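First comes the structure, then the notes that go with it.
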Amino acid sequence: MNKHILIVGGGYVGLYTALRLQRKLHRELRGGEVRITVIDPQSYMTYQPFLPEAAAGNLSPRHMVAPLRRILPKVHILNGTVTKVDHAERTVTFQPAEGEPRQVAYDVIVMAAGSISRTLPIPGLTDIGIGFKTVGEAIALRNRVLHLLDVAESTTDPEVRRRALTFVVVGAGFAGVEALAELEDMAKDSTRYYRNITPADIRWVLVEATERVLPEVGPEMGKWTLEQLRERGIDVKLGTRLESCEDGHVVLSDGSRFDAETLVWTAGVKPSPVVNDSDLPLDERGRLKATAMLTVAGTPDAFTAGDAAGVPDVTNPGQYCAPNAQHAVRQAKVLADNVVRHLRGQELVEYRHKYVGSVAGLGLHQGVANVYGVKLRGFPAWFMHRTYHLSRVPTLNRKVRVVVDWTLALFFKRETISLGEMEHPREGFRAAVATTHR
Ligand SMILES: Cc1cc2nc3c(=O)[nH]c(=O)nc-3n(C[C@H](O)[C@H](O)[C@H](O)COP(=O)(O)OP(=O)(O)OC[C@H]3O[C@@H](n4cnc5c(N)ncnc54)[C@H](O)[C@@H]3O)c2cc1C
């Protein structure tokens with residue numbers, strides 16, 4: 001056996017699959033009978049459930065990512081993007097971070113490229129919208145919210161002030177509700193340092209096309225979350241769609257119109273575009289067509305799981321597993337075991353997991369949970385949210401760093417400065433050059 005296993009994507013599924021393969025195939029890896037490669041544009045896995053806490057400044061962004069090369073020393077990590085999969089030829093086209101694209105051959109492929117924001121052709125969305133899926137987006141949003149408080153404090157123009165202090169989030173699932181709740185909590189906390197801004201001056205609008213928020217925690221807890229958000233002064237608009245946001249002028253389907261500097265788009269996800277640039281079969285929703293064994297349907301030597309795949313939920317016939325971390329981590333375990341069984345000519349096993357419910361953070365000391373039918377709200381839910389995610393974040397190193405961040409936050413006030421200039425590091429230097437050429 002001299003096999004090359006190629007994993008496309010180093011997120012939840014990619015990292016956990018590689019980790020398990022590294023352990024289960026350690027003898028074959030040492031003997032050179034097996035090689036494993038992970039391709040991802042980033043050199044780290046992002047623990048996405050911590051994005052809202054990183055945006056709120058409760059966690060250092062470096063502590064919510066897991067470095068692939070350190071965790072996977074027996075695996076070859078390539079940084080760049082897979083732009084095409086030619087499974088008939090067992091090759092992918094790899095576009096490295098710099099330089100020319102090249103072909104990478106493999107024997108077995110694991111498609112774990114996850115998802116991207118699912119957008120709609122709404123006028124203005126590409127100009128002012130921002131997603132909430134990456135560390136870059138979470139930190140940019142944090143900087144933006146804090147910067148806009150500075151803008152509002154410093155202007156004498158009431159229009160500029162109102163626009164700066166209006167924040168819109170579209171989509172009331174996990175990502176939208178958690179991002180909004182954490183950022184609102186941070187902004188409220190920060191107003192104590194401003195002379196002319198009170199929490200009541202900041203307008204948060206949550207726009208949701210369906211009639212419910214946070215469906216992940218069930219109807220009862222979703223209803224409670226809705227009441228909670230409204231009690232906090234958040235304008236939650238259910239059954240409402242964003243119609244346009246050209247130049248920051250927001251128009252909603254309920255007829256309301258207002259200006260906003262910030263619009264966060266979290267209205268769903270769709271598979272990474274690489275699935276369309278492959279000869280692998282897709283299902284009716286454009287995801288890779290998966291079997292319960294986490295193979296790509298009707299395709300030898302190809303496996304898939306996570307947000308990019310439509311995995312049948314064998315505990316709920318006719319349904320698919322939801323795109324969440326709970327499934328992704330568990331699928332990765334079965335997927336890795338099935339890759340090993342496939343290499344050894346053994347029979348594959350099915351992925352079977354009944355969704356156990358969810359926990360969500362709604363700001364410091366506030367949360368909501370519905371796990372194994374146990375419904376919690378407020379502080380106990382928040383505590384459960386933190387302990388659950390702490391137990392899940394990969395590596396002891398990260399766990400300790402997360403606990404240190406949280407502990408420091410208990411004793412010191414949170415950092416409320418915008419470091420937005422980090423996004424344009426050369427501007428100061430350019431301005432200096434301009435003065436010497438005057
Ligand atoms: C803000 C937020 C909060 C969340 N909170 C929760 C929660 O509390 N509980 C929960 O269960 N789930 C939660 N989720 C969902 C969960 O994070 C995802 O379901 C999970 O990350 C899916 O794992 P994945 O491996 O399929 O994709 P990802 O973890 O997204 O990994 C995909 C990887 O593939 C890489 N990639 C993409 N395209 C290519 C390409 N062409 N070539 C190479 N690499 C590529 C990406 O860079 C990425 O690293 C949350 C998501 C978000 C955004």
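Position 1 is the first residue of the sequence, and the numbers go up from there. Worth saying up front: this structure is predicted, and the values here are computed from it rather than measured. Ligands are counted one by one from 1 in listed order, and the atoms in each one are counted from 1 as well.
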Checklist entry - Does atom NZ of K24 have more than 12 heavy-atom neighbours from other groups under 6.0 Å away? => result yes
Checklist entry - Can we call the ring centroids of F379 and H365 under 6.0 Å apart? => result yes
Next on the checklist: salt bridge (charged side-chain N to carboxylate O under 4.0 Å, His left out) for K188 and E184? Distances and angles first, verdict last.
Outcome noted: CA-CA 6 Å; K188 193 164 50 193; E184 188 267 345; 3.7 Å; yes
Checklist outcome for this item: for atom 39 (C) of ligand 1, nearest protein heavy atom and its distance come out as A113 CB, 3.9 Å
Item to check | Atom indices of ligand 1 within 4.0 angstrom of T81 heavy atoms, with elements | outcome: 40 (C), 41 (N), 42 (N)
Checklist entry - Tell me, which protein residue and heavy-atom name are nearest atom 6 (C) of ligand 1, and how many Å apart are they? => result P49 CG, 3.5 Å
Item to check | Under 4.0 Å to a heavy atom of A112 - the qualifying atoms of ligand 1, by number | outcome: 32 (C), 33 (C), 34 (O)
Checklist entry - Should you measure from each heavy atom of I39, which atoms of ligand 1 turn up under 4.0 Å away? => result 43 (C), 44 (N)
Checklist entry - Using 30° and 60° as the class limits, which term best fits the ring planes of H353 and H327: parallel, tilted or perpendicular? => result perpendicular
Item to check | Within 45° cone of Y320 ring axis and under 6.0 Å: R287 NZ or CZ | outcome: yes
Item to check | N/O separation below 3.5 Å, K133 to ligand 1 | outcome: no
Item to check | Between H63 and Y47, ring centroids under 6.0 Å | outcome: no
Item to check | Closest protein heavy atom (residue, atom, distance) for atom 22 (C) of ligand 1 | outcome: D307 OD1, 3.3 Å
Next on the checklist: Walk me through whether E28 and K3 qualify under salt bridge (charged side-chain N to carboxylate O under 4.0 Å, His left out).
Outcome noted: CA-CA 10 Å; E28 291 86 344; K3 298 282 187 187; over 6 Å; no
Next on the checklist: Looking only at the side chains, is there a donor atom on one of D301 and H87 sitting less than 3.5 Å from an acceptor on the other?
Outcome noted: no
Next on the checklist: Taking 4.0 angstrom as the limit and counting only heavy atoms of G306, give me the atoms of ligand 1 inside it, by number and element.
Outcome noted: 26 (O)
Next on the checklist: Any protein heavy atom at under 4.0 Å, with atom 42 (N) of ligand 1 as the reference point?
Outcome noted: yes
Checklist outcome for this item: Residue, atom and distance of the protein heavy atom nearest atom 7 (C) of ligand 1 read F174 CZ, 3.5 Å
Next on the checklist: For ligand 1, which is the ligand I care about here, please tell me if T46 has any N or O atom under 3.5 Å from one of the ligand's N or O atoms.
Outcome noted: no
Next on the checklist: Are F50 and W406, when compared by the centres of their aromatic rings, separated by less than 6.0 Å?
Outcome noted: yes
Pairs of donor and acceptor atoms involving the side chains of residues 7-19, under 3.5 Å and at least two apart or interchain, shall be tabulated with distances.
| unit_1 | atom_1 | unit_2 | atom_2 | d |
| --- | --- | --- | --- | --- |
| Y16 | OH | R392 | O | 3.2 |
| T17 | OG1 | V13 | O | 2.6 |

Next on the checklist: Set out, in order, the CA-CA distance, both residues' side-chain angles and the distance that settles salt bridge (charged side-chain N to carboxylate O under 4.0 Å, His left out) for D107 and R90, then state yes or no.
Outcome noted: CA-CA 6 Å; D107 299 289; R90 304 290 192 270; over 6 Å; no
Checklist outcome for this item: So for Y12 against ligand 1, with non-hydrogen atoms under 4.0 Å, the contacting part is both
Checklist entry - Of the protein's non-hydrogen atoms, which lies at the shortest distance from atom 30 (O) of ligand 1, and what is that distance? => result Q48 NE2, 3.2 Å
Distance-only criterion, 3.5 Å: show the donor-acceptor pairs between side-chain atoms of residues 370-377 and protein atoms not counting sequence neighbours.
| unit_1 | atom_1 | unit_2 | atom_2 | d |
| --- | --- | --- | --- | --- |
| N370 | ND2 | V217 | O | 2.9 |
| K375 | NZ | E220 | OE1 | 3.3 |

Checklist entry - Who's the nearest protein heavy-atom neighbour of atom 45 (C) of ligand 1, and how far? => result P41 CD, 3.8 Å
Next on the checklist: Give me the residue, atom name and distance of the protein heavy atom closest to atom 27 (O) of ligand 1.
Outcome noted: G114 CA, 3.3 Å
Next on the checklist: Tell me whether R203 forms a cation-pi arrangement with F258, defined as NZ or CZ under 6.0 Å from the six-membered ring centre and within 45 degrees of its axis.
Outcome noted: yes
Next on the checklist: Which of the numbered atoms in ligand 1 are under 4.0 angstrom from any heavy atom belonging to F132?
Outcome noted: 1 (C), 53 (C)
Item to check | Contact partition for H389 relative to ligand 1, non-hydrogen atoms under 4.0 Å | outcome: side chain
Item to check | Enumerated ligand 1 atoms positioned under 4.0 Å from heavy atoms of P323 | outcome: 19 (O)
Checklist entry - What do you reckon, does V359 have a nitrogen or oxygen under 3.5 Å from a nitrogen or oxygen of ligand 1? => result no
Next on the checklist: Please classify the A325 to ligand 1 contact at 4.0 Å (heavy-atom distances, strictly less than): side chain, backbone, both or neither.
Outcome noted: both
Checklist entry - So, S115 and K133: side-chain donor and acceptor under 3.5 Å apart, yes or no? => result yes
Next on the checklist: One residue to check: V274. Relative to ligand 1, which of side chain, backbone, both or neither has a non-hydrogen atom less than 4.0 Å away?
Outcome noted: side chain
Checklist entry - Can you list the ligand 1 atoms lying under 4.0 Å from a non-hydrogen atom of S272? => result 37 (C), 38 (N)
Checklist outcome for this item: For atom 46 (C) of ligand 1, the closest protein heavy atom turns out to be D40 OD2, 3.5 Å
